[in-house]
Amino acid sequence: MRKTLVAGNWKLNGSSELNRGLIAGITAGLGAASGGEVMVCPPYVYLAAVAAQLAGTDVLLGAQDVAAEDGGAFTGEVSAVMLADIGCSHTLIGHSERRTRYGDSDEVVAAKFRVAQAAGVKPVLCIGETLEERESGVTMEVIGRQLGAVVDAAGVGAFAAAIVAYEPVWAIGTGRTATPDQAQEVHRHIRSIIAGADAKIGAELQILYGGSVKGANAAELFALEDIDGGLIGGASLDVAEFLAICKAAAGT
Ligand code: PGA
């Protein structure tokens with residue numbers, strides 16, 4: 001059976017003080033009651049400090065992005081080897097904000113996916129269609145292209161050690177969540193693409209939903225057959241909301 005994962009993507013938010021409060025609240029609130037996996041993804045500069053705060057807890061640590069290169073003259077970048085070195089087990093790759101604002105093409109995303117895996121950092125590959133793409137009926141095509149770019153570059157076997165997050169761009173930070181039917185339809189499609197190449201890897205792949213998940217809608221989404229947890233933006237900065245989402249995931 002697949003485990004559920006709730007991952008908090010803090011984006012460009014936080015401070016040393018705020019982070020301490022968030023981590024203290026999350027770890028205290030989860031207690032022994034947590035049935036699923038929980039992860040936080042703070043900005044790079046706070047990763048080491050948060051790693052220290054998380055020591056001795058089951059909460060996982062992820063980065064929000066990673067360099068496509070291993071090292072060298074790449075000013076401003078952070079490598080996957082460095083992430084592993086300071087205790088990061090996961091990294092988001094290809095978040096729509098990276099794709100649209102920082103030019104992460106499908107090829108760059110595939111390169112990042114490969115370097116992360118090579119360093120032992122599990123990629124959480126984010127894919128999703130824009131509103132325009134959904135309205136023009138090409139959602140499945142877009143999903144197929146984004147996923148296919150990584151399958152072609154890394155091989156389907158790589159998905160035995162990866163996570164996929166489906167995040168419809170129109171649902172991110174908008175308060176507009178995909179309906180359970182819309183989400184399940186795309187999740188099933190993602191799983192069928194991977195399962196078509198390797199049935200076992202497809203069946204075991206964790207697929208998260210992201211886009212305006214809150215305590216109030218989490219349980220309904222996580223109960224769906226092909227949804228294995230969530231990638232949470234805004235609500236991950238609020239301890240009570242985030243804990244409510246973690247509890248919803250633990251209950252499925
Ligand atoms: P949101 O963000 O929960 O604020 O919609 C999700 C994400 O971008 O990962």
Side-chain angles (χ1 to χ4, degrees), residues 1-7 9 36-37 39 41 60 62-70 79-81 83-84 88-96 98-99 104-130 133-134 138-169 178 182-211 221-222 224-231:
M1 209 183 116
R2 297 185 297 269
K3 284 189 222 158
T4 57
L5 169 65
V6 174
N9 173 12
E37 295 177 320
M39 176 161 79
C41 303
L60 303 166
Q64 298 175 14
D65 190 28
V66 69
E69 300 82 12
D70 279 329
S79 78
V81 172
L83 293 180
C88 257
S89 55
H90 293 66
T91 183
L92 307 183
I93 306 268
H95 188 282
S96 70
R98 303 288 331 164
R99 291 179 188 263
D104 282 15
S105 63
D106 286 340
E107 291 67 34
V108 168
V109 168
K112 290 182 172 188
F113 183 101
R114 291 183 65 178
V115 293
Q117 254 190 352
V121 177
K122 197 182 241 197
V124 180
L125 172 66
C126 304
I127 57 179
E129 82 288 0
T130 62
E133 288 163 343
R134 175 159 284 270
V138 294
T139 296
M140 298 309 182
E141 207 176 303
V142 171
I143 296 298
R145 192 201 72 226
Q146 292 176 339
L147 191 56
V150 181
V151 173
D152 289 349
V156 81
F159 284 80
I163 295 171
V164 175
Y166 168 55
E167 297 203 301
V169 179
Q182 286 173 326
Q184 169 57 24
E185 186 188 21
V186 178
H187 280 238
R188 186 191 301 117
H189 183 63
I190 292 167
R191 194 177 305 291
S192 74
I193 292 173
I194 301 298
D198 187 309
K200 183 167 184 286
I201 293 176
E204 290 174 358
L205 179 67
Q206 271 183 320
I207 309 176
L208 313 182
Y209 170 79
L221 288 160
F222 298 165
L224 296 164
E225 193 184 336
D226 290 298
I227 300 187
D228 308 309
L231 180 54

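Treat the numbers as computed from the prediction; the structure is a model and nothing was measured.
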Can you tell me how far the [atom1] atom of [X] sits from the [atom2] atom of [Y], to the nearest 0.5 Å?
X: Asp228; Y: Ile163; atom1: CG; atom2: CD1; result: 9.5 Å
X: Cys126; Y: Asp104; atom1: SG; atom2: CG; result: 10.5 Å
X: Leu60; Y: Lys122; atom1: CG; atom2: NZ; result: 9.0 Å
X: Leu208; Y: Leu125; atom1: CG; atom2: CG; result: 10.5 Å
X: Glu133; Y: Arg145; atom1: CD; atom2: CZ; result: 6.5 Å
X: Tyr209; Y: Asp226; atom1: OH; atom2: CG; result: 15.0 Å

Return yes if some donor-acceptor pair links the side-chain N/O of [X] with the main-chain N/O of [Y] below 3.5 Å, else return no.
X: Gln117; Y: Ala161; value: yes
X: Arg134; Y: Thr139; value: no
X: Gln206; Y: Arg2; value: no

[X] versus [Y]: any side-chain heavy-atom pair under 4.5 Å?
X: Val169; Y: Glu129; answer: no
X: Val121; Y: Val66; answer: no
X: Ile194; Y: Val164; answer: no
X: Met39; Y: Val124; answer: yes

So which heavy atom on [X] is nearest to which on [Y], and how close?
X: Ser79; Y: Asp70; answer: CB-O, 3.4 Å
X: Ile93; Y: Pro123; answer: CG1-CB, 3.8 Å
X: Ala116; Y: Thr91; answer: CB-CG2, 3.9 Å
X: Leu221; Y: Ala183; answer: CD2-CB, 4.2 Å
X: Gly128; Y: Val142; answer: O-CG1, 4.1 Å
X: Val115; Y: Ala67; answer: CG2-O, 3.2 Å

Check against side chain to side chain contact (heavy atoms under 4.5 Å, CB included), Val150 and Ile127: CA-CA 11 Å; Val150 181; Ile127 57 179; over 6 Å; no

Residues which pass side chain to side chain donor-acceptor pair (under 3.5 Å) with Arg188, listed by chain and number, not counting sequence neighbours: none

Stepwise side chain to side chain contact (heavy atoms under 4.5 Å, CB included) check, Leu83 with His90: CA-CA 9 Å; Leu83 293 180; His90 293 66; over 6 Å; no

Enclosure of Glu141 CD (heavy-atom neighbours >12, cutoff 6.0 Å): no

Over 12 foreign heavy atoms within 6.0 Å of CZ, Arg114: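 Incorrect, the count does not exceed 12.
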
Geometric class of the His187/Tyr166 ring pair [parallel <30°, tilted 30-60°, perpendicular >60°]: perpendicular

Test side chain to side chain contact (heavy atoms under 4.5 Å, CB included) applied to Arg98 and Gln64, step by step: CA-CA 9 Å; Arg98 303 288 331 164; Gln64 298 175 14; over 6 Å; no

Working for side chain to side chain contact (heavy atoms under 4.5 Å, CB included), residues His95 and Asp65: CA-CA 8 Å; His95 188 282; Asp65 190 28; over 6 Å; no

